[in-house]
Amino acid sequence: MTVTDGLRAGTAPETLTTTVGEFLLRRLREAGVRHAFGVPGDYNLEFLTQLEDTGALEWVGTCNELNGSYAADGYARLNGMGALIVTNAVGALSAINGIAGSYAEHVPVICVCGSIPLRSIERGLGMHHTMADGTWDRFLGAFAQVTAAQARLTPANAVTEIDRLILTAWREKLPVYLELPSDIAYLDIQVPAAPLALEEAPADAERLRSCAAAIAARLSAAKSPAILVDLDADRYGAVADIVKLAAKAHLPVAVASTANAVIDQTFPYYLGLYAGQGSLPARTREVIEGSDCLLTVGFRPIDLTTGDFTAVLPADAIHLRAHSVDIGPDNYQAVTLKQVLAAVTGAVPQATTRPARPLVSQQAAAAPASHGDGSAKLTQAAYWQAIQNYLRPGDVLIPEVGTSYATFGLKLPPGCTFVPQVLWGSIGYTVGSLLGTLTAAPHRRQLLFVGDGSFQLTAQEVSTMLWRDCKPVIFLINNGGYTCERAYVGKNSSVNDVRNWSYADLPKVFRPDTTARSFVVKSVADLDEALSAPNDTLIFIEAVMDRFDGPAGVLIGDNNGADLDYGPRGPQHREDAQLRPAT
Ligand SMILES: Cc1ncc(C[n+]2csc(CCOP(=O)(O)OP(=O)(O)O)c2C)c(N)n1
Ligand SMILES: [Mg+2]
């Protein structure tokens, strides 16, 4: 057989003729994206026209691109992938903080930037939304710092680059940045007829076998094996595989703070939250650090996952990552997390010797609501107790940085999802993210926990929720400023004050015909009344609390954070410089 015979005999992939823009929309749709967030501009309006004409995606316009980037991130966390559409530079750079957050937190977001026409690049024409200095690669360069892959589309590269970027985002669980020059979206190109296959690269069969055998051997010989889970378990859809392995081998499973609620807290082998000396309950630390066969899944040691670097994981811990595994001196490549977990589960015997009971029961019965003096001033302690009782199975909780991190101490009913941005920690994230999670999962009850300071960064996006008839519950703590920062330093400083808004009036401002129920609560009785409102519309609860009141766990964490940040000569050592927990 000649080479030409071989070519003729091969099944040449079938092609279709379509436009660059429509092909991009089709691929996004095939990747499971059903909505796109963002702000229109002259360089993307032609693409948005295609979006509307084809109905491929539903457009969710946001008040600004930063909020849009947070929304696309929240959407991707519940949906598997998200999309953001912005305009050249002015839009893209407003979104870059959110996109960087998606990178840090391993969230696949496709950022499509409608950019200056290829014609202007080829002819060196100065254009608005540029530096007018003959450069046009700066913004690709900026996004190279915060995305896994970037491309400027041309008619010649559109097919390969669109597929490369979407597949990279999917496989790496990272954002990508794609410039769509405004003069090519309507040009015809030849594209594959087949859908994009979102698949992992196949594993090396020998590596997979050896790796699984080595882990199974260690597990079978161990007396106190355990698992420590970080957020990649969720991003790579491996939670069910972990649960299966844990149930078969009777392995206690702890989560990092970046992965709270990734393992259902009602799972019998759920152990708690591991963070070195900050572990909850404290026994979690003993089990994880004392394990003679610890499996970590995507664990990333940072200040917030190690209890300010007090964590001491067993030296012989086995580290599972998305695409590799470390076992002592052996490093296994060309394997995938889900396949490794499945193979190990197949290889380990059903455990009978280790206790089939959970080591630590996480599910304390909800405490009865305090029926003391309901008219007394609302405290953080009473507030979080009431919220504990309010939770229902299947809720989505979105906790903002600040005293709202008390949510990490809540006992979550089965099926709850937690959407925190612990590692990147950009305040205001949650308000934009909530728009995304509501869009991805409109039928779930969604609860936002946010402070006044954080809310002021991205508050406008509540208007988008109101106009889309979303029905979240927004729990806003009005404590006159940045209470959690007062625990770092500047307890009494005006830098930690924020301007007081009439927060509960905002739904009316944002949508004059709103049906939202707004409450300003100052006592337990007020809060109880607000919490009894039906979830048939948006509920906005502004809770007024003292600026020096905060959950002990949050305040202690921030007191310690100051020592790490500022060192022994920092200002936190001055008299009364730090808000400390009440003794
Ligand atoms: C974008 C961004 N700017 C600044 C910070 C620093 N920061 C962290 S927490 C915080 C204050 C949060 O205050 P608030 O939302 O009112 O919460 P509280 O602790 O008062 O409940 C600030 C300013 C940040 N994390 N992200
Ligand atoms: Mg505050």
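Counting convention: from 1, in listed order, for ligands and their atoms alike. All values below were derived from every heavy atom in this structure, side-chain atoms included, with hydrogens, water molecules and symmetry-related copies excluded.
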| field | Ring centroid separation His128 to Tyr43 under 6.0 Å | value | yes
| message | Could you tell me if Glu461 and Thr458 have a donor-acceptor pair between their side chains, going purely by distance under 3.5 Å? | response | no
| Just one of Asp576, Asp497, Asp558 clears the salt bridge (Lys or Arg N to Asp or Glu O under 4.0 Å) bar with Lys491, so which one? | Asp576
| Any nitrogen or oxygen of Ile427, main chain or side chain, under 3.5 Å from a nitrogen or oxygen of ligand 1? | yes
| Nearest candidate to atom 22 (C) of ligand 1, where distance is taken over non-hydrogen atoms, out of Glu400, Gln421, Glu485 | Glu485
| What are the atoms of ligand 1, with element, lying closer than 4.0 Å to any heavy atom of Gly451? | 14 (P), 15 (O), 16 (O), 17 (O)
| message | Show the atoms of ligand 1 that are less than 4.0 angstrom away from any heavy atom in Val401. | response | 9 (S)
| query | Which distance, rounded to the nearest 0.5 Å, do you find between the CD1 of Ile477 and the CG of Leu378? | reply | 9.0 Å
| Side chains of His35 and Thr439, donor plus acceptor under 3.5 Å | no
| query | At what distance is the nearest protein heavy atom to atom 11 (C) of ligand 1, and which residue and atom is it? | reply | Tyr482 CD2, 3.3 Å
| query | With only distance considered, is Asn97 within less than 3.5 Å of ligand 1 through an N or O on each side? | reply | no
| For atom 12 (C) of ligand 1, which of Ala487, Ser454, Ser426 has the closest heavy atom? | Ser454
| task | Give the residue and atom name of whichever protein heavy atom lies nearest to atom 25 (N) of ligand 1, and the separation in Å to one decimal. | result | Gly425 O, 2.8 Å
| ligand 1 N/O within reach of Asp452 N/O, cut-off under 3.5 Å | yes
| When rounded to the nearest 0.5 angstrom, what distance separates CG in Leu174 from NE2 in His106? | 5.5 Å
| query | Would you call Asp549 and Arg547 a salt bridge, taking side-chain N to carboxylate O under 4.0 Å as the test? | reply | no
| said: As an exercise, state the distance from CG of Leu271 to CZ of Arg283, rounded to the nearest 0.5 Å. | reply: 7.5 Å
| said: Using the rule side chain to side chain contact (heavy atoms under 4.5 Å, CB included), only one of Val450, Leu448, Leu506 pairs with Leu476; which is it? | reply: Val450
| Should you measure from each heavy atom of Gly481, which atoms of ligand 1 turn up under 4.0 Å away? | 14 (P), 16 (O), 20 (O)
| Between Gln380 and Thr403, a side-chain donor and acceptor under 3.5 Å | yes
| said: Can you check which of Gly428, Gly402, Cys484, Pro551 brings a heavy atom nearest to atom 9 (S) of ligand 1? | reply: Cys484
| In Å and rounded to the nearest 0.5 Å, what is the OH to CG distance from Tyr405 to Asn260? | 10.5 Å
| Any side-chain heavy atom of Val431 within less than 4.5 Å of one from Gln460? | no
| said: Does ligand 1 come near enough to Leu457 that some N or O of the ligand is less than 3.5 Å from an N or O of the residue? | reply: no
| query | Could you state the interatomic distance from CG (Asp452) to CG (Asn478), rounded to the nearest 0.5 Å? | reply | 5.0 Å
| field | ligand 1 atoms in contact with Thr403 (distance to a heavy atom under 4.0 Å) | value | 18 (P), 19 (O), 21 (O)
| message | Taking Leu397's backbone N and O only, do any of them form a donor-acceptor pair with Asp395's side chain (distance below 3.5 Å, no angle check)? | response | no
| message | Evaluate Gly453 for polar contact with ligand 1, using N/O atom pairs at a separation under 3.5 Å. | response | yes
| said: Closer than 4.0 Å to some heavy atom of Thr483 - which atoms of ligand 1 meet that? | reply: 18 (P), 19 (O), 20 (O)
| message | Which of the protein's N, O or S atoms come within less than 2.8 Å of the Mg ion (ligand 2), not counting waters? | response | Asp452 OD1, Asn479 OD1, Gly481 O
| said: Please list, in number order, the atoms of ligand 1 under 4.0 Å from a heavy atom of Asn479. | reply: 18 (P), 20 (O), 21 (O)
